[in-house]
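What follows is a short report on a single structure.
All values derive from a computational prediction rather than experimental measurement. Numbers for residues simply follow the sequence, beginning at 1.
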Amino acid sequence: MTGWISIREAAILAGRAPQNIYAWINKGKLTSRRNAQGQLEVNGIDVLRVESTVKPGRPRGTVTRRHDLLDKTHERRESK
């Protein structure tokens with residue numbers, strides 16, 4: 001797929017959530033433009049290039065909500 005595509009199409013192409021595409025734009029990994037209707041678009045080839053370099057999953061050191069809740073429970077038990 002070449003040319004400019006919508007964020008939704010980019011997410012489908014990369015197999016990621018649209019939030020990931022917006023994050024890549026904000027981090028400067030993808031360039032974007034507005035089409036005539038004012039919708040944000042990205043280059044399909046660039047999406048594939050970036051997707052191939054990004055590891056799937058949560059970044060290291062990012063606490064999950066479940067892990068955070070377990071830490072709080074453990075703290076309560078220690079304080080008793």
Side-chain angles (χ1 to χ4, degrees):
M1 183 176 284
T2 60
W4 295 93
I5 60 175
S6 71
I7 299 299
R8 181 176 177 272
E9 291 168 328
I12 292 168
L13 180 63
R16 307 286 179 121
Q19 293 87 342
N20 292 110
I21 307 302
Y22 288 114
W24 294 345
I25 293 168
N26 290 335
K27 291 177 183 176
K29 293 181 179 185
L30 280 178
T31 56
S32 62
R33 71 173 190 183
R34 299 255 176 213
N35 64 16
Q37 293 79 29
Q39 297 172 329
L40 200 58
E41 295 180 323
V42 294
N43 187 287
I45 296 295
D46 289 343
V47 171
L48 292 174
R49 178 185 48 79
V50 171
E51 192 278 329
S52 70
T53 63
V54 176
K55 292 182 179 178
R58 180 177 284 110
R60 288 189 101 173
T62 304
V63 179
T64 63
R65 185 165 188 269
R66 183 175 187 278
H67 183 20
D68 190 36
L69 291 173
L70 291 174
D71 285 347
K72 289 178 182 177
T73 303
H74 184 69
E75 288 172 5
R76 281 190 226 129
R77 288 181 184 162
E78 286 181 349
S79 66
K80 288 183 180 181

Quiz prompt | Heavy-atom closest pair, residues Ile45 and Asn43 | solution =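 Heavy atoms of Ile45 and Asn43 come nearest at N-OD1, 2.9 Å.
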Minimum heavy-atom separation for Ala10 and Val42, please, with both atom names.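 Taking every non-hydrogen atom into account, CB-CG2, 3.6 Å.
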_Working to the nearest 0.5 angstrom, can you tell me the gap between Ile5 CD1 and Asn35 CG?_
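Result: 12.5 Å between the selected atoms.
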- Nearest-0.5 Å distance that lies between atom CG in Leu40 and atom OG in Ser6: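 If we round to the nearest 0.5 Å, Leu40:CG and Ser6:OG are 9.5 Å apart.
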Under 3.5 Å, which donor-acceptor pairs do the side chains of residues 11-31 form with other protein atoms, sequence neighbours left out?
from	atom 1	to	atom 2	distance (Å)
Arg16	NH2	Val54	O	3.2
Asn20	OD1	Ala17	N	3.3
Asn26	ND2	Tyr22	O	3.4

Residues 40-49 vs salt bridge (charged side-chain N to carboxylate O under 4.0 Å, His left out), sequence neighbours excluded, gives Arg33-Glu41, Asp46-Arg49
